[in-house]
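One structure below.
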Amino acid sequence: QVQLVESGGGLVQSGGSLRLSCAASGGSFSVAAVGWYRQAPGKQREFVASISSGGSTMYRDSVKGRFTISRDNAKNTAYLQMNSLKLEDTAVYLCNLGTGPGNSNSYRPSDTWGQGAQVTVSS
């Protein structure tokens with residue numbers, strides 16, 4: 001069974017940066033895609049970014065050019081580097097281990113989620 005733990009959230013001013021980490025334990029990390037999602041108060045959970053087992057990435061349009069997803073299989077950890085943060089980026093960010101390897105244009109989430117990391121962007 002896989003467990004995911006996010007870290008690196010916090011309060012940052014608009015225009016600032018944060019890096020989230022998603023540490024995985026148990027199961028097989030390297031063969032699975034990893035996705036980042038976020039959920040703001042009163043909003044549905046939405047896809048942010050994903051990275052396939054082979055390193056192909058995919059982003060929602062609103063974060064392209066600002067966020068970068070990466071992974072370090074040796075550390076069983078995925079990252080989300082968030083730059084030029086905006087007020088609308090405020091949300092709880094969750095990582096997810098995909099049901100398969102993923103690819104450059106498709107990500108299928110599993111029911112395995114981390115506990116979430118709060119990201120708050122202030123003006």
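Only a predicted model underlies this, so the values are computations on that prediction, with no experimental measurement involved.
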Considering only heavy atoms from C-beta outward, does the side chain of V34 approach that of N96 to under 4.5 Å? no

Search all heavy atoms of S123 against all heavy atoms of S14 and return the closest pair with its distance. CA-OG, 4.2 Å

Do V119 and V5 belong together in a cluster built from hydrophobic side chains that touch within less than 4.5 Å? no

Does W36 reach the side chain of L20, with side-chain heavy atoms less than 4.5 Å apart? yes

Passes side chain to side chain contact (heavy atoms under 4.5 Å, CB included), Q39 versus E46? Steps please. CA-CA 6 Å; Q39 187 166 22; E46 64 183 19; over 6 Å; no

Test item: F29 and L97 side chains (from C-beta on) under 4.5 Å apart, heavy atoms: yes

Is the number of heavy atoms from other residues, nucleotides or ligands under 6.0 Å of N105 CG greater than 12? yes

Heavy-atom pair with the smallest gap, counting every atom of G98 and A32: O-CB, 3.9 Å

For residues V92 and R38, determine if any side-chain heavy atom of one lies less than 4.5 Å from a side-chain heavy atom of the other. no

For the pair S56 (side chain) and G54 (backbone), establish whether a donor and an acceptor sit closer than 3.5 Å, ignoring hydrogens and angles. no

Just do the side chain to side chain contact (heavy atoms under 4.5 Å, CB included) check on I69 and Y59 with the steps written out, would you? CA-CA 9 Å; I69 187 171; Y59 302 90; 3.5 Å; yes

State, to 0.1 Å, how close P109 and T99 come at their nearest heavy-atom pair, and which atoms those are. O-CG2, 3.5 Å

Nearest heavy-atom pair of S52 and A33: which atoms, and what distance? CA-CB, 4.0 Å

Note: V2 and G26 closest approach over all heavy atoms is CG2-O, 3.4 Å

Using side-chain heavy atoms (C-beta onward) and a distance below 4.5 Å, is S122 in contact with L11? yes

Donor-acceptor pairs under 3.5 Å, side chain of residues 80-87 to any protein atom, not counting sequence neighbours: which ones?
unit_1: Q81; atom_1: NE2; unit_2: N83; atom_2: OD1; d: 2.9
unit_1: N83; atom_1: OD1; unit_2: S17; atom_2: OG; d: 2.8

Do S7 and S21 come close enough that some side-chain heavy atom pair is under 4.5 Å? yes

As a test of understanding, state which of I51, T57, N76 forms a side-chain contact (heavy atoms from CB on, under 4.5 Å) with R71. I51

Between the side chain of E6 and the main-chain N/O of C22, is any donor-acceptor distance below 3.5 Å? no

Taken to the nearest 0.5 Å, the spacing of N103 CG from S53 OG works out to 9.5 Å

Could you list who else is in Y79's hydrophobic cluster, with ILVMFWY side chains joined at under 4.5 Å, directly or through other members? none

Heavy-atom distance under 4.5 Å between the side chains of M58 and F47, does that happen here? yes

Taking the side chain as C-beta and beyond, is there a heavy-atom pair between L94 and R45 under 4.5 Å? yes

Does E88 CD have over 12 foreign heavy atoms under 6.0 Å away? yes

Using the six-membered ring wherever Trp is involved, compare the ring planes of Y107 and Y37 and label them parallel, tilted or perpendicular (cut-offs 30° and 60°). tilted

